[in-house]
Amino acid sequence: MTVSRRQAVREGWLHRVAVTVCRDERGRILVHRRSEQLSRFPGLYEVVVGGAVDVGESYEQAAARELAEELGIRVLPRLLFTFINRSGLSPHWLGVHEAVVPDTVAADPDEVAWHGRLTEPELRSALLEWRFTPDSHEAFSRYLAFRTAPS
C-alpha cells in the first residue's frame, strides 16, 4: 500500500525523508528560511534542504531531486547516514547527505523565502538565536558528530 507523506504524518507512520547539508568551496553552509506559504514550519530556518522520498526512489535520488526543485542546482549529494528522527511532526527515517554546491543558486520562492551562507561558528550561534525547524537541530548535531568521529 502506498500512502502520501501527509497521511503518513497524520497517522504517525514511519516514512523516509532525504536532506542535504549544502557547503560551498570555502566550507560555509547554506541556510535558508522557509516560505510563509508552506504547510509545515512556515517561516522557520533550515540547515538542510530536502523532502520526502518517493516510492521506488533512493535517498540519493530524492536528495538530488529536492536540490534541483528547491535550489535549481544539479549535483549528486553523498549519503552520510540515516536515523529515525523523532523530532518534528512525526517519526521518520532521515537520510542525511552532504554536497558542495555552487555559489549561485536559483531558489524556488514558493519554498525558500531567503538563503545565505554561514560559517560553522556563525551557524552554531544562529541555531541558538533564530527559529529553526526541529529537523535542522537534530540533523546538524548528528552531522557534526559524524564529521568528527574517527574513521
Side-chain angles (χ1 to χ4, degrees), residues 5-6 8-9 14-54 57-151:
R5 180 178 186 194
R6 179 169 303 197
V9 168
L14 277 175
H15 54 285
R16 296 183 305 148
V17 175
V19 298
T20 304
V21 175
C22 299
R23 293 181 164 272
D24 64 14
E25 293 289 343
R26 292 175 292 208
R28 296 177 305 166
I29 298 165
L30 186 134
V31 175
H32 71 279
R33 186 168 46 82
R34 296 171 59 84
S35 167
E36 294 291 342
Q37 292 85 345
L38 293 173
S39 61
R40 289 184 285 281
F41 307 114
L44 296 189
Y45 289 90
E46 282 200 289
V47 176
V48 292
V49 174
V53 179
D54 292 335
E57 191 175 39
S58 71
Y59 282 107
E60 292 91 341
Q61 290 167 329
R65 176 180 47 77
E66 290 288 341
L67 288 171
E69 290 172 4
E70 295 185 22
L71 299 180
I73 57 174
R74 303 240 180 256
V75 298
L76 187 59
R78 181 172 66 101
L79 178 62
L80 303 178
F81 57 90
T82 62
F83 68 98
I84 294 181
N85 186 7
R86 299 195 185 281
S87 64
L89 299 176
S90 70
H92 53 278
W93 279 102
L94 193 63
V96 179
H97 301 74
E98 181 178 54
V100 175
V101 300
D103 286 340
T104 304
V105 298
D108 178 352
D110 291 336
E111 300 265 350
V112 178
W114 169 89
H115 68 278
R117 297 174 190 272
L118 301 177
T119 63
E120 274 188 31
E122 291 168 338
L123 180 51
R124 287 175 195 268
S125 293
L127 281 162
L128 299 173
E129 297 168 18
W130 304 355
R131 292 184 54 230
F132 279 84
T133 63
D135 280 2
S136 287
H137 288 280
E138 187 69 25
F140 191 64
S141 66
R142 288 179 183 247
Y143 170 77
L144 290 177
F146 177 86
R147 285 192 44 237
T148 57
S151 40

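Note that these values count all heavy atoms, side chains included, but never hydrogens, waters or copies made by symmetry. What you see is a predicted model, and the numbers here were worked out from it, not measured in a lab.
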List the residues meeting side-chain contact (heavy atoms from CB on, under 4.5 Å) with [X], not counting sequence neighbours, and say none if there are none.
X      : value
Arg65  : Asp54, Glu57, Ala62, Glu69
Arg147 : Arg23, Glu98, Glu120, Tyr143, Leu144
Glu46  : His32, Arg34, Val48, Thr133, Ser136
Ser141 : none

Looking at [X] and [Y], would you say the former's side chain and the latter's main chain have a donor-acceptor pair under 3.5 Å?
X      : Y      : result
His97  : Arg78  : no
His115 : Ala113 : no
Thr20  : Cys22  : no

query = Which heavy atom in Gly50 sits nearest to a heavy atom in Glu66, and how many Å separate them?
reply = O-OE1, 3.5 Å
task = Please name the pair of heavy atoms, one in Val75 and one in Ala64, separated by the smallest distance, quoted to 0.1 Å.
result =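 So the two residues come closest at O-CB, 3.8 Å.
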Among all residues two or more places apart in sequence or in another chain, which pass the side chain to side chain donor-acceptor pair (under 3.5 Å) test with [X]?
X      : answer
Glu138 : Arg142
Tyr45  : none
Asp24  : Arg28

key: Option passing side-chain contact (heavy atoms from CB on, under 4.5 Å) with Tyr59 (candidates Val96, Leu94, Thr82)   = Thr82
Quick one: does [X]'s side chain get under 4.5 Å of [Y]'s, heavy atoms only?
X      : Y      : result
Glu25  : Val100 : yes
Val19  : Val49  : no
Pro102 : Ile73  : yes
Val17  : Val53  : no

Which value, rounded to the nearest 0.5 Å, describes the distance between [X] atom [atom1] and [Y] atom [atom2]?
X     : Y     : atom1 : atom2 : value
Arg33 : Leu44 : CZ    : CG    : 10.0 Å
Trp93 : Asn85 : CH2   : CG    : 11.0 Å
Leu30 : Leu67 : CG    : CG    : 9.5 Å
Arg16 : Ile84 : CZ    : CD1   : 13.0 Å

ask   = Pairs in or reaching into residues 102-111: which pass salt bridge (charged side-chain N to carboxylate O under 4.0 Å, His left out), with residues at least two apart or in two chains?
value = none
Stepwise side chain to side chain contact (heavy atoms under 4.5 Å, CB included) test for Leu118 and Ile29 = CA-CA 5 Å; Leu118 301 177; Ile29 298 165; 5.6 Å; no
Between side-chain atoms of residues 122-131 and protein atoms elsewhere (two or more places apart, or another chain), which donor-acceptor pairs fall under 3.5 Å?
{"unit_1": "Glu122", "atom_1": "OE1", "unit_2": "Thr119", "atom_2": "N", "d": "2.8"}
{"unit_1": "Glu122", "atom_1": "OE1", "unit_2": "Thr119", "atom_2": "OG1", "d": "3.2"}
{"unit_1": "Ser125", "atom_1": "OG", "unit_2": "Pro121", "atom_2": "O", "d": "3.4"}

request  = Determine the interplanar angle of the His137 and Phe132 rings, folded into 0 to 90°, and report it as parallel if under 30°, tilted if 30 to 60°, perpendicular if over 60°.
outcome  =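 If you compare the ring of His137 with that of Phe132, the planes turn out perpendicular.
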